[in-house]
Student: 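Got a structure here, written out as structure tokens. Questions coming.
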Amino acid sequence: MKLHFISIGGSVMHQLAIALKRKGYQITGSDDEIFEPSRTALEREGLLPANMGWNAGYIHPQLDAVILGMHAKADNPELQKATELGLPIYSFPEYIFQESREKQRVIVGGSHGKTTTTSMIMHVLRQSGLPFDYLVGARLEGFDQSVNITDAPVIVCEGDEYPASTLEKRPKFHFLFPHIAVLTGIAWDHINVFPTFENYLDQFRIFLDKIEPGGSLVYNETDETLAALVDEHRRDDIVYMPYGVPRHEIAGGKTTIEIAGARGELKVFGAHNLLNLHAAWHVCRQLGVDAEQFVAAMSSFTGAAKRLELLAQNEETVVYRDFAHAPSKVKATVDAARQQFPGRKIIALLELHTFSSLNEQFMQEYRGALDGADEAAVFYSHHALELKRMPPLPKNAVVAGFGKNGLQVVNTRAEIEAWLQTQQFANSVVLLMSSGNYDGLDVAAFAEKFKV
């Protein structure tokens, strides 16, 4: 196979390019700029373009297909040339499906918990010695890639509801046609793409229709919106597997679970992670894993990168970094910390970084998300608003949206540092929640002072 990647430097695009090169395919690619860690990873594999920029000369009739990344625009000269030549052009998820037509496809969708649930399934399958391919949206300990394509009989994919490419505006998870589908929950997100909640719900209705006949749907029955959607959109040709929070105990800051009589202590915690774990069990059971194997594997699971990732701890203070940014994710993270450490003060620093989270009209969706924190600050930069060409976001709109007494709103790294200096960290849990970088705040240096 000869494949060309337009926008090869993307976070998942470069991973797919590397995976297919390792499979023996001939890979070329282009991009207008490539940042780390993609640049070094591509260079190490001999796939870094010699020159940055688009070049229609890369496109020729001998190519089997062109894979188009989200970063590429409709007027891209390489895309135009590929169209003129009549070459097959695939978005990332469309091509993943081409490579997995003969595999059993496990697709994990939902507004939150996708990455963690997918990572849990991957971890258990690896610990159980079962061969599989995968696509996941974060770095996971023990896996050197976030994408792997081989001749394995199973593929486990995180199914994103964001559009597939500049040509294909439908969500990525509409192209993967699961045999085993997972839905973790529904909470309105990506309002720049789905302007109404009903429009967002429609994407999940379509996903339900994409499940292969004879397949199964594993879904979170504790999510009222999702449960109602499933009930109104039932099919006669698939099996339904609802799940909730499994039997567990919390003692001394440790969580112990029980699955089908098998018991084990976990390194992760929180109701949202217990829900993710229960979803992973329903999937792994269908793939031939028994309860003892599952619990033994989950006892060593430390989480995906930046998902309640432990940065530092001592006798007085525990510091976690979390990717949480959407309202439901923020609330789940804060509530998890409150449940796991009931006697400690919760100090939360949240960065608003995505299009939805910086939209004044969306701010009311955050109401109550930080209520479980004792001290809380919300940061967003004016630069982020400018980059997204969004209007100013008044501080009072943020305060009103969250509805939390004493909430601090800051807009610069210096203000973040000043706020942190006012905090008393004795007997506390610190939650650093962001999908950005806090305007360059040295998070590692902050955490270092709490290491034993």
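The first residue in the sequence is number 1, and the count goes up from there.
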Student: Looking at Y90 and Q98, would you say the former's side chain and the latter's main chain have a donor-acceptor pair under 3.5 Å?
Tutor: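 Answer holds: no.
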Student: If you look at every heavy atom in T255 and Q340, which pair is closest and at what distance?
Tutor: OG1-OE1, 3.0 Å
Student: For the pair H382 and N411, evaluate side chain to side chain contact (heavy atoms under 4.5 Å, CB included) and give the outcome as yes or no after the intermediate values.
Tutor: CA-CA 7 Å; H382 299 304; N411 297 127; 3.7 Å; yes
Student: With a sphere of 6.0 Å drawn around CD of Q424, does it hold more than 12 non-hydrogen atoms of other residues, nucleotides or ligands?
Tutor: no
Student: Are the charged groups of E415 and K395 less than 4.0 angstrom apart, N to O?
Tutor: yes
Student: Determine yes or no for a side-chain-to-main-chain donor-acceptor pair under 3.5 angstrom, with R367 supplying the side chain and A400 the backbone.
Tutor: yes
Student: Can you establish whether the number of heavy atoms outside E141 located under 6.0 Å from its atom CD is more than 12?
Tutor: no
Student: Give a yes or no on whether a salt bridge exists between E448 and K451, defined as a side-chain N under 4.0 angstrom from a carboxylate O.
Tutor: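 Salt bridge: yes.
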Student: Quick one: CD1 on I259 to CZ on R285, what's the gap to the nearest 0.5 Å?
Tutor: 10.0 Å
Student: Locate the shortest heavy-atom distance separating Y243 from L275; write the atom from each residue and the value.
Tutor: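 Closest pair (atom of Y243, atom of L275, distance): CE1-O, 3.1 Å.
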Student: Can you check whether V124 reaches V283 side chain to side chain, under 4.5 Å on heavy atoms?
Tutor: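 Counting from C-beta outward, V124 and V283 never come under 4.5 Å.
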Student: Does K23 pair with D133 as a salt bridge, N-O distance under 4.0 Å?
Tutor: no
Student: Does this structure show an ion pair linking E161 with K114, if we count only N-O contacts that are shorter than 4.0 Å?
Tutor: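 A salt bridge links E161 with K114.
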Student: Taking the side chain as every heavy atom from C-beta outward, state whether M433 and L370 have any pair of such atoms under 4.5 Å apart.
Tutor: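 With C-beta onward as the side chain, the pair touches.
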Student: For atom NE2 of H233, is the number of surrounding heavy atoms from other residues, nucleotides or ligands below 6.0 Å larger than 12?
Tutor: yes
Student: Within a strict 4.5 Å, meaning less than it, do heavy atoms of the F132 and V106 side chains meet?
Tutor: no
Student: Would you say the side chain of L266 lies within less than 4.5 Å of the side chain of H248, judging by non-hydrogen atoms?
Tutor: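 No, every pair of side-chain atoms sits at 4.5 Å or beyond.
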Student: Would you indicate whether E258, at its atom CD, is surrounded by more than 12 heavy atoms from other residues, nucleotides or ligands within a distance under 6.0 Å?
Tutor: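 It does: E258 CD has more than 12 such atoms within range.
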Student: Go through the steps for D31 and H14 under the test side chain to side chain contact (heavy atoms under 4.5 Å, CB included), then give the verdict.
Tutor: CA-CA 11 Å; D31 216 320; H14 86 278; over 6 Å; no
Student: Got a salt bridge between D160 and K172, using NZ or NE/NH1/NH2 to carboxylate O under 4.0 Å?
Tutor: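 Answer for the salt bridge query: yes.
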Student: So does R247 have more than 12 non-hydrogen atoms from other groups sitting under 6.0 Å from CZ?
Tutor: no
Student: Kindly compute the distance separating CE (M363) from CG (L393), expressed to the nearest 0.5 Å.
Tutor: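 Between atom CE of M363 and atom CG of L393 there are 4.5 Å.
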Student: Is any side-chain heavy atom of F402 closer than 4.5 Å to one of V409?
Tutor: no
Student: Which is it for T333 and Y320 under the side chain to side chain donor-acceptor pair (under 3.5 Å) test, yes or no, and what are the steps along the way?
Tutor: CA-CA 10 Å; T333 296; Y320 289 99; over 6 Å; no
Student: Is there side-chain contact between K449 and T317, with heavy atoms separated by less than 4.5 Å?
Tutor: no
Student: What is the distance from atom OG1 of T196 to atom CG of L201, rounded to the nearest 0.5 Å?
Tutor: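 Output value for this atom pair is 8.5 Å.
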Student: Rounded to the nearest 0.5 Å, how far does CD1 of I211 lie from CG of L176?
Tutor: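 Between atom CG of L176 and atom CD1 of I211 there are 12.5 Å.
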Student: Before giving the answer on side chain to side chain contact (heavy atoms under 4.5 Å, CB included), spell out for T116 and L308 the whole-Å C-alpha distance, their side-chain angles and the decisive distance to 0.1 Å.
Tutor: CA-CA 10 Å; T116 298; L308 265 179; over 6 Å; no
Student: Look at the side chain of E45 and the backbone N and O of A41, then say whether any donor-acceptor pair between them is shorter than 3.5 Å.
Tutor: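 Here the side-chain-to-backbone pair does not exist.
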Student: Could you walk me through whether D439 and S381 pass the side chain to side chain donor-acceptor pair (under 3.5 Å) test, one step at a time?
Tutor: CA-CA 7 Å; D439 198 25; S381 73; 5.4 Å; no
Student: Distance-only, no hydrogens or angles: does the S128 side chain make a donor-acceptor pair with backbone N or O of L130 under 3.5 Å?
Tutor: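 Not a single qualifying donor-acceptor pair exists.
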Student: Give the ring-plane orientation class for F269 versus F341, where under 30° counts as parallel, over 60° as perpendicular and anything between as tilted.
Tutor: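 The rings of F269 and F341 stand perpendicular, inter-plane angle above 60°.
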Student: Evaluate salt bridge (charged side-chain N to carboxylate O under 4.0 Å, His left out) for R263 paired with E249, printing each intermediate quantity in order.
Tutor: CA-CA 10 Å; R263 289 173 57 85; E249 300 167 0; 3.4 Å; yes
Student: Measuring from H325:NE2 to S356:OG, what's the distance to the nearest 0.5 Å?
Tutor: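 Reported to 0.5 Å precision, the distance equals 9.0 Å.
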Student: When you check the side-chain N and O atoms of E158 and T115, is any donor under 3.5 Å from an acceptor?
Tutor: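 Indeed, the side chains of E158 and T115 share at least one donor-acceptor pair under 3.5 Å.
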Student: Tell me the closest heavy-atom pair linking V12 and V147, and the distance in Å.
Tutor: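 So the two residues come closest at O-CG2, 4.2 Å.
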Student: Evaluate the ring planes of Y134 and F143, with Trp represented by its six-membered ring, and classify them as parallel (under 30°), tilted (30 to 60°) or perpendicular (over 60°).
Tutor: perpendicular
Student: Might you point out which heavy atoms bring W281 and V289 nearest each other, and give the distance in Å?
Tutor: CZ3-O, 3.7 Å
Student: Do the ring planes of H278 and H282 sit parallel (below 30°), tilted (30 to 60°) or perpendicular (above 60°)?
Tutor: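 It falls in the tilted class, 30° to 60°.
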Student: Between F362 and T354, does a side chain to side chain contact (heavy atoms under 4.5 Å, CB included) hold up when you go through it step by step?
Tutor: CA-CA 11 Å; F362 189 73; T354 64; over 6 Å; no
Student: State whether the side chain of E36 and the backbone N or O of T40 hold a donor-acceptor pair below 3.5 Å, judged by distance alone.
Tutor: yes
Student: Mark yes or no for whether E351, through its side chain, and Y438, through its backbone, hold a donor-acceptor pair below 3.5 Å.
Tutor: yes
Student: Should L16 and I96 count as side-chain neighbours, where that means a heavy-atom distance under 4.5 Å?
Tutor: yes
Student: Under a 4.0 Å threshold between the charged nitrogen and the carboxylate oxygen, would E198 count as salt-bridged to R205?
Tutor: yes
Student: With no hydrogens and no angle check, is any side-chain donor or acceptor of D223 less than 3.5 Å from a backbone partner on I186?
Tutor: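 Yes, D223 side chain to I186 backbone: donor-acceptor pair under 3.5 Å.
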Student: Which heavy atom in A187 sits nearest to a heavy atom in Y200, and how many Å separate them?
Tutor: O-CE2, 3.4 Å
Student: Looking at every heavy atom in both P327 and A369, which two are closest together, and how far apart are they?
Tutor: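 Shortest heavy-atom separation between P327 and A369 comes out as O-CB, 3.9 Å.
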Student: Give a yes or no on whether K254 atom NZ has more than 12 heavy-atom contacts from other residues, nucleotides or ligands under 6.0 Å away.
Tutor: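 No, the 6.0 Å shell around NZ holds no more than 12 heavy atoms from other groups.
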Student: Hey, is the main chain of R105 close enough, under 3.5 Å, to the side chain of H179 for a donor-acceptor pair?
Tutor: yes
Student: Looking only at side chains, do H71 and S7 share a donor and an acceptor under 3.5 Å apart?
Tutor: no
Student: Near N405 CG, under 6.0 Å, is it more than 12 heavy atoms from other residues, nucleotides or ligands?
Tutor: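 Atom CG in N405 is not crowded, with 12 or fewer foreign heavy atoms closer than 6.0 Å.
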Student: Could you give me the CA-CA distance, side-chain angles and deciding distance for F97 and F175, then say whether ring-ring contact (aromatic ring centres under 6.0 Å, His included) is met?
Tutor: CA-CA 7 Å; F97 177 72; F175 297 94; 9.2 Å; no
Student: Under 3.5 Å, is there a donor-acceptor pair between the side chain of K331 and the main chain of G372?
Tutor: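 Not confirmed, K331 side chain does not pair with G372 backbone.
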Student: Mind checking the CG-CZ spacing from N273 to F301? Nearest 0.5 Å is all I need.
Tutor: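 So the gap between those two atoms works out to 7.5 Å.
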Student: Check for a donor-acceptor pair, side chain of K345 on one end and backbone N or O of A426 on the other, with a separation under 3.5 Å.
Tutor: no
Student: Using 4.0 Å as the upper bound for N to carboxylate O, is an ion pair formed by R338 and D335?
Tutor: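 Answer for the salt bridge query: no.
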Student: If you define the side chain from C-beta out and look only at heavy atoms, does anything of M390 sit under 4.5 Å from F355?
Tutor: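 Counting from C-beta outward, M390 and F355 do come under 4.5 Å.
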